[in-house]
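Working notes, structure below.
Both backbone and side-chain heavy atoms feed into the values below; hydrogens, waters and symmetry mates do not. Predicted model, so just to flag it, every value in this text is computed and none were measured. Labels below follow one simple rule: chain letters A, B, ... track the order of the sequence lines, proteins then strands, and each chain is numbered from 1.
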Protein chains: 2
Amino acid sequence: MLVRISDRRKPNTIDDFGFGSASHKTISLMEFRYRKGTEIYGEKEPADHVYQVKRGAVRSYKLLSDGRRQIGAFHLTGDIFGLETGDQHRFTAEAVVETTVHLIKRESLQVIAATDAVVARNLLSMTTRNLEHAENHLVLLGRKTAVERVAAFLAEMDRRTEAHTMSLPMSRRDIADYLGLTIETVSRAVSRLRCEGVLNFVGNTQREIVILDRQLLQSFDPQN
Amino acid sequence: MLVRISDRRKPNTIDDFGFGSASHKTISLMEFRYRKGTEIYGEKEPADHVYQVKRGAVRSYKLLSDGRRQIGAFHLTGDIFGLETGDQHRFTAEAVVETTVHLIKRESLQVIAATDAVVARNLLSMTTRNLEHAENHLVLLGRKTAVERVAAFLAEMDRRTEAHTMSLPMSRRDIADYLGLTIETVSRAVSRLRCEGVLNFVGNTQREIVILDRQLLQSFDPQN
DNA sequence: CGATCCTTTGAAGGACGTCAAGGTCTGTGG
DNA sequence: CCACAGACCTTGACGTCCTTCAAAGGATCG
């Protein structure tokens, strides 16, 4: 269910969306804001829009009938999410923190893609990037140990963060559900990495992390 | 490395490949055969061809540096695999049993896709199908128990098999590496499902399986 | 500054992995 | 056709890594 907090219409281009079509500047972007924890769309809902994170963070997850949750991806500033080829969303998307998104109608994108090969090509390469991420995550979930998973997660977040210290928007529970672990195991793994000098906390919160030794962090990744 | 055993050139159409382009009948399909266990292509090798299983079965997997293996998918008769958007394969593909494949040059496919919107669309929907499979597998690997995983695997194979009894081409090791388990755990889960009347072995081999109660099998899947 | 949520840490339990042994199936060669 | 070798599968005993349960220490927000 879409919780509309702000609906200021902002005439804009879709270039920011990365579809690379400079020729369709007429499409307007809408800006929405979601409070922490609110749902952006639900699994199996019709996929009418494509989203881009303007500020904040989003989690995409699937639930099992008994409440077990698997987060498939986190979407950070600049990321596009909710792009479907079929007409249903395959994940539920929620704002991890207060989040602003841009969104465009999927329909308009598909109309463009039908004639513009560049846009069509970009749709494919975005889907491929998602596939690639999922494939790597399969290996993590199927074959890596707890410490390896946490190290891989931190390496991924570090890679996606420009600043020197990361401010993780998601809770230990989110991290655990992303890595197929429990919060306690995540906490223990982080503690261990901290003891071994890989990272340290910054300030007076456990979500601000600085990587002290990237090479040492890398050494925990058995991939490649 | 491609191990060419048979290279009879067969003039053919690419319709069988399911790209839905009746207008490009000039492209020839090559038929290759791979012996049991031989590599079809390796991870990070240039992706020059797209493959379709004509007979047999193929496993796609990634290896960790210490030999841990995660199988991402099994490709059975009719399945297309090795379709990449980038120019490298992201998995290693091996013949599970003696396998015959058709293959076409990726280049020719890409040339067609650039002008033919139908082919381009099919490339996208095939990639999306792969993505969807990977996403469901994430949930299995991250959040399902051993019995749930094996039940889901059997349900998947059952769904993809037309015959009443399945003849699994892959070993317990393959199944284990697909499900993120060990062979012993897979064996125990199968035994348990057999005790509970979900399935039974057929003939004098443990790879011929008949599902006795599909509804009971379904009941082991906590998804949806 | 109190209430609540989140995180950490310890202790105990359990599901799956490891190790080991024996049974089954398959292919090969006598 | 049988004998043997080797690979594969099953089953049991035991170990271990992760989970569960519990409690206490931060962090956040009113």
Side-chain angles (χ1 to χ4, degrees), chain A residues 35-37 59 64 66-70 96-98 140-151 153-154 167-195 199-209 220 222, chain B residues 35-37 59 64 66-70 96-98 140-151 153-154 166-196 199-209 220 222:
Chain A
R35 281 204 217 72
K36 178 176 176 175
R59 56 181 171 249
L64 297 185
D66 59 359
R68 279 174 283 178
R69 184 177 69 158
Q70 179 62 47
V96 173
V97 291
E98 166 125 357
L140 180 147
L141 293 172
R143 287 303 180 209
K144 290 188 186 175
T145 68
V147 172
E148 288 167 352
R149 293 180 201 202
V150 171
F153 168 74
L154 292 171
S167 167
L168 299 179
M170 67 290 285
S171 68
R172 294 291 189 261
R173 166 142 305 284
D174 287 334
I175 298 172
D177 286 347
Y178 180 59
L179 300 179
L181 300 168
T182 61
I183 53 175
E184 293 94 334
T185 301
V186 170
S187 184
R188 276 183 254 268
V190 170
S191 293
R192 193 178 138 196
L193 290 173
R194 195 152 66 107
C195 285
L199 60 87
N200 209 346
F201 291 157
V202 179
N204 52 2
T205 165
Q206 293 116 325
R207 297 206 189 171
E208 289 268 338
I209 289 179
F220 283 91
Chain B
R35 279 203 217 68
K36 178 177 176 176
R59 57 181 170 248
L64 298 185
D66 58 359
R68 280 174 282 178
R69 185 178 68 159
Q70 179 62 47
V96 173
V97 291
E98 166 126 357
L140 181 147
L141 293 173
R143 288 301 179 212
K144 290 189 186 173
T145 67
V147 172
E148 288 168 352
R149 293 181 201 202
V150 171
F153 168 74
L154 292 170
M166 314 184 253
S167 167
L168 299 178
M170 68 290 285
S171 68
R172 294 293 189 260
R173 166 143 304 287
D174 288 333
I175 298 172
D177 286 348
Y178 180 59
L179 300 179
L181 300 169
T182 62
I183 52 175
E184 293 93 334
T185 301
V186 170
S187 185
R188 276 184 255 267
V190 171
S191 294
R192 193 178 138 198
L193 291 172
R194 195 151 66 106
C195 285
E196 302 205 15
L199 60 88
N200 209 347
F201 291 157
V202 179
N204 52 1
T205 164
Q206 293 117 326
R207 296 206 190 170
E208 288 270 337
I209 289 179
F220 282 91

Below 4.0 Å: OP1/OP2 of C/dT8 and any side-chain N or O of A/Arg194
no
pair B/Leu64-A/Lys144: side-chain heavy atoms closer than 4.5 Å
yes
Scan A/Gly180 against the nucleic acid and name what it touches under 4.0 Å (heavy atoms): base, sugar-phosphate only, or nothing.
sugar-phosphate
If we check side chain to side chain donor-acceptor pair (under 3.5 Å) with A/Asp177, which of these qualifies: A/Arg69, A/Arg59, A/Arg172, A/Arg68?
A/Arg69
Could a donor-acceptor pair under 3.5 angstrom be found where the side chain of B/Glu184 meets the base of C/dC16?
no
Nucleotide C/dT7, atom P - distance to CZ of A/Arg173 in whole Å:
10 Å
Please enumerate all residues that pass ring pair (Phe, Tyr, Trp, His ring centres under 6.0 Å) together with A/Phe153, with sequence neighbours excluded.
A/Tyr178
Heavy atoms under 4.0 Å, any strand shown: does B/Gly37 hit a base, just sugar-phosphate, or nothing?
nothing
Considering only C/dT7, C/dC25, D/dT28, which nucleotide approaches the side chain of A/Ser171 most closely?
C/dT7
Contact class for A/Arg207 vs. all strands (heavy atom < 4.0 Å): base, sugar-phosphate, or nothing?
sugar-phosphate
What's B/Ile183 touching, base or sugar-phosphate or nothing? Going by heavy atoms closer than 4.0 Å.
nothing
Between B/Lys36 (NZ) and C/dC25 (P), how many Å, whole number?
15 Å
What is the distance, to the nearest angstrom, from the CD atom on A/Glu208 to the P atom on C/dT7?
14 Å
So, is A/Arg172 close to the C/dT8 phosphate, meaning a side-chain N or O under 4.0 Å from OP1 or OP2?
yes
Could you check how far CD of A/Gln206 sits from P of C/dC6, rounded to whole Å?
12 Å
N/O donor-acceptor pair, side chain A/Arg188 with base D/dT20, under 3.5 angstrom:
yes
Would you tell me if any nitrogen or oxygen in the side chain of B/Thr185 comes within less than 4.0 Å of OP1 or OP2 on C/dG17?
yes
Using whole Å, report how far CE of A/Met170 lies from P of C/dC6.
15 Å
Check the phosphate of C/dA15 against B/Thr145, side-chain N and O only, distance under 4.0 Å to OP1 or OP2. Yes or no?
no
Under 4.0 Å, counting only non-hydrogen atoms across every strand here, what does B/Arg192 touch: a base, just sugar-phosphate, or nothing?
nothing
For A/Leu168 and D/dA27, give me the distance from atom CG to atom P, rounded to whole Å.
15 Å
Where the side chain of B/Thr205 is concerned, which of C/dT26, D/dC9, C/dT18 is the nearest nucleotide?
C/dT26
Residue whose nearest DNA chain D nucleotide is more 5′ - A/Leu181 or A/Gly203
A/Leu181
Round to a whole Å and report the spacing from CZ of A/Phe201 to C1' of D/dG26.
11 Å
Would a 4.5 Å heavy-atom cut-off, applied to side chains only, mark B/Leu154 and B/Met166 as touching?
yes
Rounded distance (nearest 0.5 Å) linking atom CG of B/Leu168 with atom CZ of B/Arg207
8.0 Å
B/Arg68 CZ to C/dC16 C1', in whole Å, measures 16 Å
Would you say the side chain of B/Arg194 lies within less than 4.5 Å of the side chain of B/Asn200, judging by non-hydrogen atoms?
yes
